[in-house]
Number of protein chains: 2
Amino acid sequence: MAQMLHDDCPGCAAPDLAFAQHDHAHCAHDALARAEALIAARGLRLTPVRRRTLEILLEAHRAMGAYDMLTRLAAEGFGNQPPVAYRALDFLEEQGLAHRIRRLNAFTACMHPGEAHAPAFLICRACDTVAEAPATPVLAALTKAARHSGFVIERSNIEALGLCHTCQEAAA
Amino acid sequence: MAQMLHDDCPGCAAPDLAFAQHDHAHCAHDALARAEALIAARGLRLTPVRRRTLEILLEAHRAMGAYDMLTRLAAEGFGNQPPVAYRALDFLEEQGLAHRIRRLNAFTACMHPGEAHAPAFLICRACDTVAEAPATPVLAALTKAARHSGFVIERSNIEALGLCHTCQEAAA
DNA sequence: ATATGTATGTAATACTATAACAGGTCAAGA
DNA sequence: TCTTGACCTGTTATAGTATTACATACATAT
Ligand SMILES: [Zn+2]
Ligand SMILES: [Zn+2]
Ligand SMILES: [Zn+2]
Ligand SMILES: [Zn+2]
């Protein structure tokens, strides 16, 4: 359950990637390649809808609502009923390729798929960027607090809303 | 922003109150009294709907959806349209008398109103109990992780799903 | 070829939340 | 006293999010 840092995982190597200037085409391509490998290794299928859904999520370091996703998918010839989007998004989430941001009722691509990680999300209220921060110490503190009450954590959501560095400077 | 522990705040004195056997009538009465004092001190009004909404939340250490609350309120002669419930719940949340549990799309009474605190919620998936755990170290870790990316946190929600001590034993 | 599990598509519905407007109460302040 | 303005409640209508149920198609393996 502990977060392992892998140098070959771009998300681990550069945790603040989302907020920084970077070669995003490479970043997205890389995440997609990792996803494909992962799904294949598990004997599952990254079908056209699922693959396209992930690609769309990877277009930006943002969160996207299921209905916005549905609009995109429908425009490309996929079904245009809610379950089409929810099923693809749920599949990606179950496989650790996407995360659900509860505060936004939206989904975002996972930036280090395949790595066991406890995600904490930093959501910039100005530019809508969503970054996945290294949260091992955060989860450790939470687990400790829970243990105090004899509570055992199975899943957790840790989300923070605020301003990214760029938007702070823009505000000043 | 740091959490201050007050011995005269039941929630602070017994962080795991919600999961333990306790005199809940006293617990709820106390929270209501604190709420009344707090609102009066701020020159605001704990009107009948607002007060009743808080009382209903205080009936149990659980989270309650806005529509369930609306049903209760309507049965007691208050308005029966969604804004009636949402306005009361939003007021309570703004005043720190209730918290929103995003994972459940629901609200829960604050167990230590008046104390500056960063709440982390422990949600038992078996008995639906919601407890407010001391989260100062958790928020500290999160703030530190954010600072690494130059991100400044304004609000956060930290929620954990799992099994409380009692329900673990029941399962075994 | 047939059976099985899985994936997709659709219709219908349930659940959650907000916008916009009308009327009521109450306490300053003219 | 009368008026003004802030605030609270209520209603209608609508927007946004998510799931259930069922039918069809497709892959893979006997
Ligand atoms: Zn990128
Ligand atoms: Zn930003
Ligand atoms: Zn209690
Ligand atoms: Zn329990």
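Per chain, numbering begins at 1; letters A, B, ... match sequence-line order.
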Parallel, tilted or perpendicular: ring planes of A:Y86 versus A:Y67, cut at 30 and 60 degrees: perpendicular

Hydrophobic clusters here meaning ILVMFWY residues chained together by side-chain heavy-atom distances under 4.5 Å, can you tell me if A:L97 and A:L89 are in one? yes

Look at the side chain of B:Y67 and the base of C:dA17, then say whether one donor and one acceptor between them are separated by less than 3.5 Å. yes

Name every residue in residues 79-104 of chain A that has at least one heavy atom under 4.0 Å from any atom of DNA chain C, in order of residue number, or write none if there are no such residues.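 Residues of residues 79-104 of chain A that come under 4.0 Å of DNA chain C are, in numerical order, A:G79, A:N80, A:Q81, A:P83, A:V84, A:R87.
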
5'-most by nearest nucleotide on DNA chain C - B:A106 or A:P48: A:P48

DNA chain D: 5'-most and 3'-most nucleotides touching chain B, 4.0 angstrom heavy-atom criterion: D:dC8 to D:dT12

Test item: [X] and [Y] side chains (from C-beta on) under 4.5 Å apart, heavy atoms:
| X | Y | answer |
| --- | --- | --- |
| A:Q95 | A:I39 | yes |
| B:H165 | B:E169 | yes |
| B:R62 | B:C127 | no |

Any donor-acceptor N or O pair under 3.5 Å, side chains A:R103, B:N157: yes

Test side chain to side chain contact (heavy atoms under 4.5 Å, CB included), reference A:I123, set A:L163, A:T129, A:L161, output is A:L161

So, the side chain of B:H61 versus the backbone of B:T108: is there a donor-acceptor pair under 3.5 Å, distance only?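 Pair absent, no side-chain N/O of B:H61 close to backbone of B:T108.
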
In whole angstrom, give the distance that lies between atom CZ of A:R45 and atom P of C:dA7. 6 Å

Once you round it to whole Å, what is the distance between P of C:dT6 and CG of A:L46? 17 Å

